[in-house]
Visitor: 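Supplied in structure tokens, the structure appears directly below.
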Amino acid sequence: MQNDANQEELLTPEVQDVMRNFVAAIRAVKLYPENNPIYSQSIKKSFEALDHFLKTTPEYHLEVQNTYFTYHQIPIGREAQLDKALIQDLFAKGVREIIFKDGVTEEQLIILYRAFALSPDEIAMKSGISSILWENGSTHIKITESGLDEIITTKTARSEGTTPAKTPTRTLDPSVGKKEIVFGGRTLVLNDLMDNPVGFGASMLALATQTRGEHESIEDRLYALYQEGGRKIREEDPDQSDILFEGLAKSVLSLEPPYSEKIVAGKLYRELDEESVSEQKDTPEEHVPNELHEILTGRFSNAWTVPQVQELLKQSSARKIVSPPPPFHPSTSATLAVIPLHPHLADIARDMAEYTLEEMEALKKMSTLGTESDIIEASVRTLVLLLLLVKDPHRLGSEEKKIELFSRVVRQLEDMLSYLLMKKNYQLAVLIGQAFRMPADPVFKPRMMEAIRKTVSRSGIIATLGDMRHFIKGSSDYNAAYAYLSLMEREVTRALLELLAEEKDRVTRQFYLEIAKEIGKNQIKLIGERLSDERWYFVRNIVSILGESKDDQAIAFLNKVARHNNFRIRQEVVKGLISIGGNKAATLLATFVNDREADIQLMSIRGLAEFRGIGSEVAKPLVEFLTGRPLKKNNQELTLEVIRVLGKIGGADAGTVLQGYTRVKWWRSRTLQMELRSAALRALEKIKRRESDGGRATR
Amino acid sequence: MADERRDSQGKVKQSFFAKQQLISAAKTTFQHLAAAMKNATLYPESHPTLLASAEKLVIKVQELLADRKEVSFYLVGGELFFETQSVPVDLSQSLLMEQFVSREIGGIVFKPGLTPKEIIQFAGLMNKEVAFFVSAGGVSAVFAQEQISHIELHRAIIVDKKTGRTIKDGKKASASFTGAIDTVKQMIHAVQLDKAVNMRKMNTTVQTMVDDILENRDAFIGLTSIKMYDEYTFAHSINTAILAISLGTFLSLDKHQISVLGMSGLLHDIGKVSLPIEILNKPGKLTEEEWEVIQQHPVEGALVLSDVQGVTKMAMVTAFEHHQHGEHKGYPQVDGGPRKHLFSKIIALADAYEAITAARVYYRSRTPPDQAIRILLKNSDGIFDPILVKAFVNMIGIFPVGTLVKLDTGEIGLVVHQTRDLMRPRVLLLTKFDGSEKETGADISLLETASGQYVRSIIGTIDPHVANINVKQYID
């Protein structure tokens, strides 16, 4: 420590000043928004200090250690604990060295500080801080990042367990052993081909070196010799040609790499390719790009096998021997062969000269592509397609391999989903969610289920709900977030129920309720189970959700709380039954005519009046209600409503009771009786009409 | 995206769309100038026709002045430039250009405040003989005398444009190219051996290529035409990247977009590393099943790249899509038809052009360089995006850099640079076909005219091997 302190004293005040302002600026950009004065002032001060320093020194060179900076190997600011976390962050992001050069601008510093403020994921997505600086033309700042050695792993079919076929050891017929190949005066013994292919190859190389023509390369001569050798084998030893060509192949492969590569890749395969081209019916250019080109551009490996080279040598020896290049004769411009221009070339050039308006518009749109968001969208779509293709049963590869690849793609999608959710990009998040829920073979299912489990966290759901609160309802963002939540109906419903129970703010609760009503439509059982909760307001919300479901299944649950002590809940039940509709709901609704709250009675009867197509058995509680009902002013409104409803849904029983209301008794209130009589007569008329047409009329 | 945006140095960067609009406006302005000059020879100064043409010119100049301090035209090597943009001109305007050149005028600048009267005076003066200016003490003196204060003339610029300019710091294009091949080789070999690949190095390689191509696109385009068979497997990726980057720079994409294209070009065939070597090295024709295995490489490539940090995810997308050509065409086939990203289309186009030109070189077919363009155009309905093909053709030219052409004067030229007229590139005249060292011939533009007619025109192409010309030494 003392040593460090002493060393730090060696640093000039200017160096330390730059460092301090540099650190302050990094911190300010990380913590404050752009419009905060601290943000802009820190950057300005940092630039001024650096600019001042660089007037006298060509560069400012910082190394980033684990928890401190060094300036030309001297630790700086080691004691400042405040900086430690910041430096650790830079170190963790891979920054190892920062060099500022004379000419650095304030704009370049801003770009650097903003890059430092990005998360590691964001930095990785932009291929590193140095890439960010390069893209923005920040040429006076150099960043060295830690070697990010990424492994691109791929297993070729060979390394998957397949081994090249072992060439069986064969022996040469002794009668052939002494045979020779004569090359222009020199003799090579065939026996060597199998006994000592390396030696044979060396001899061939020596022969090529000695006998090549003035304008001929060693490789060309060597190749010609092998061709000649192959031809002689075919002509003079056809019975042993297999084994001899095998030896020939071994000798080629034993040559030093430049020669072996030249012969195999440069000559043998080239001949093969040219022959393939000449055999094609179309001109090679018509097929863009053609099969041969795909193979040619895939021959990365020079791990040729003996059988492959053997076959190539056999084919080559059957072809005409390549002659040495003809002696060179200089040409003049007049003697050179000219390929005339295509007759339509000028027209083509003219067509290319101008862009139409439509073409210009299309080109304009092109400039918006290749941005980060665009790349992410394209990546998501590609990964989703890969998920499908990896599962393809027609695809080659073992099942283990397919599962491994599948798992890899799923992992990528999981990472992508986390990123998208962080960025609130629900449009793409939905695609990934749907991909995870695609049908899959049993062997892939566990991994899909695991992915789904990872993505349905309560905190994630709450975060999405929080985002939805800030989106405008009906906007594309809102709809996308909703669609994303809809993928997790059960989990979201559960979370919403819990939130409804806990939330104190009324507006927020209303928001949750609205969503729950939509998403919870298919989760009746889950919702209904919560009716036994002690909190009346919670139960009321549950009843509301059940009512909005418009599902008959909900009626059974509503029945459980039809006699709840709290009138608000009973009211909500009535509303729910009205919302659900149908015979079953009407039957339960009718029983509310006996509710102890007059408002609820009235509400249920009025609601019943709106039902269509319900049976007369529903009217039974109403008939019972009217039977012996006292004539009172307080009762009048409800009695009238019941009579009206009975007119709509009642049968013979109702008619009997309604007849009683048509007779006016002199000892009772005439006004009230006349009102009831009038209503009863109308109701009876409706019942009569309904019964006469066999109930065909809509009630 | 705005048509104009400023980079970190505060320089304005125009989109391709904005550039094309500017070129169109400049062309119209020059046409009005030509019309005014012509009318000045036919009508007296007060004639309504002449006045009208002068007014039209002033209006056009004022439109251009809305975004700049002055409107500048330059005549360089037979080409018309508006600021730094080459402007296509018809043969009818070439007489005007010759007129300016004969008076050693290399640039005309119009300033704010220009009036029709000044235009008419200027036109009248320009139609005087050269001797008039000499006796009057020069053009500037005459202008001052006539009170033409809003038109400035500059002397002719002598162009000594050498082919294959070296890149900054003295590095040749071929050195960058070779370096890139080495990097790709290292990457491929590392992949084959399941070793770590330094993706940072790949990123740096791409960024260097982008910087170099921005500096000297012609040299790199020329290098792509020199197919090195022995290295072709690796060079193909580099060539595809160069072509894609070049098209990206031509379309005025920003550096980030261009570097994404470059990386995508480098890695588009990475999936082939996963293919069975036995099939790739098979010494015979592939069966249907084996070809289907080859067709797996886009999926394999995408799978490989999906799991790599530090490389743009667009490389995965383009590796996957570059062989998809609409529903039921190409591979891999996906339900509902492919949804090909623009960058995949660019890579597909570059890949195809590479394949066509490779075939021409490797398989010794006597097909001319322009045939590649015609093949692309033929396939632009269905396989390639027609708009991209058009942009690509304009970028690379009908006679790409490195093409040997025969002129109607009997001369032989080597194409060194494209102009706005695809039939009239800049060429280096060659005279020696004896395999001797590189010669420094005259660098001329086929746009040059005399008495309103082009001095030279292309009548055919020549195979450089037949002519014993080492094109590489001229490009590098």
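Just so it is clear, the model here is predicted, and its values are computed rather than measured. Letters A, B, ... are given to chains in the order of the sequence lines, protein chains preceding strands, and every chain is numbered from 1.
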Visitor: With only heavy atoms counted, which part of A:L272 is less than 4.5 Å from chain B, the side chain, the backbone, both or neither?
Guide: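 Side chain only.
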Visitor: Can you tell which of B:L404, B:I398, B:V260 has the highest number of heavy-atom pairs within less than 4.5 Å of chain A?
Guide: B:I398
Visitor: Which region of B:E321, side chain (C-beta onward) or backbone (N, CA, C, O), has a non-hydrogen atom less than 4.5 Å from a non-hydrogen atom of chain A, or is it both or neither?
Guide: side chain
Visitor: Can you name the nearest heavy-atom pair linking B:G460 to A:V338, along with the distance?
Guide: CA-CG1, 3.7 Å
Visitor: Which heavy atom of B:L377 sits nearest a heavy atom of A:I348, and at what distance?
Guide: CD1-CG2, 3.5 Å
Visitor: Do you know the tightest heavy-atom contact between A:A349 and B:M423?
Guide: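 The pair with the smallest heavy-atom distance is CB-CG, 3.5 Å.
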Visitor: Check whether any side-chain heavy atom of B:I373 sits under 4.5 Å from a side-chain heavy atom of A:M352, and report yes or no.
Guide: no
Visitor: Is a side-chain N or O of B:K390 found less than 3.5 angstrom from the main chain of A:D351, in a donor-acceptor match?
Guide: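 Yes: the side chain of B:K390 pairs with the backbone of A:D351.
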Visitor: Is the distance between the ring centroids of A:Y355 and B:F17 under 6.0 Å?
Guide: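 Ring centroids of B:F17 and A:Y355 are no less than 6.0 Å from each other.
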Visitor: Is it the case that atom NE2 in A:H344 sees more than 12 heavy atoms from other parts of the structure closer than 6.0 Å?
Guide: no
Visitor: Can you say whether B:N281 sits under 4.5 Å from chain A via the side chain, the backbone, both, or neither, judging by heavy atoms?
Guide: both
Visitor: Which heavy atom of A:E359 sits nearest to which heavy atom of B:I387, and what is that distance?
Guide: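 It is CG-CG1, 4.0 Å.
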Visitor: So how far is it from A:D374 CG to B:F343 CZ, rounded to the nearest 0.5 Å?
Guide: 7.0 Å
Visitor: Do the side chains of B:K272 and A:E294 get close enough for a salt bridge, i.e. N-O under 4.0 angstrom?
Guide: yes
Visitor: Would you check if the side chain of A:Q412 reaches a backbone N or O of B:S306 as a donor-acceptor pair within less than 3.5 Å?
Guide: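 Side chain of A:Q412 to backbone of B:S306: a pair is present.
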Visitor: Would you mind reporting whether B:T312 and A:K126 have side-chain heavy atoms less than 4.5 Å apart?
Guide: no
Visitor: So does A:R411 pair up with B:D307, basic N to acidic O under 4.0 Å?
Guide: yes
Visitor: Do the non-hydrogen side-chain atoms of B:M316 and A:S379 ever get within less than 4.5 Å of each other?
Guide: yes
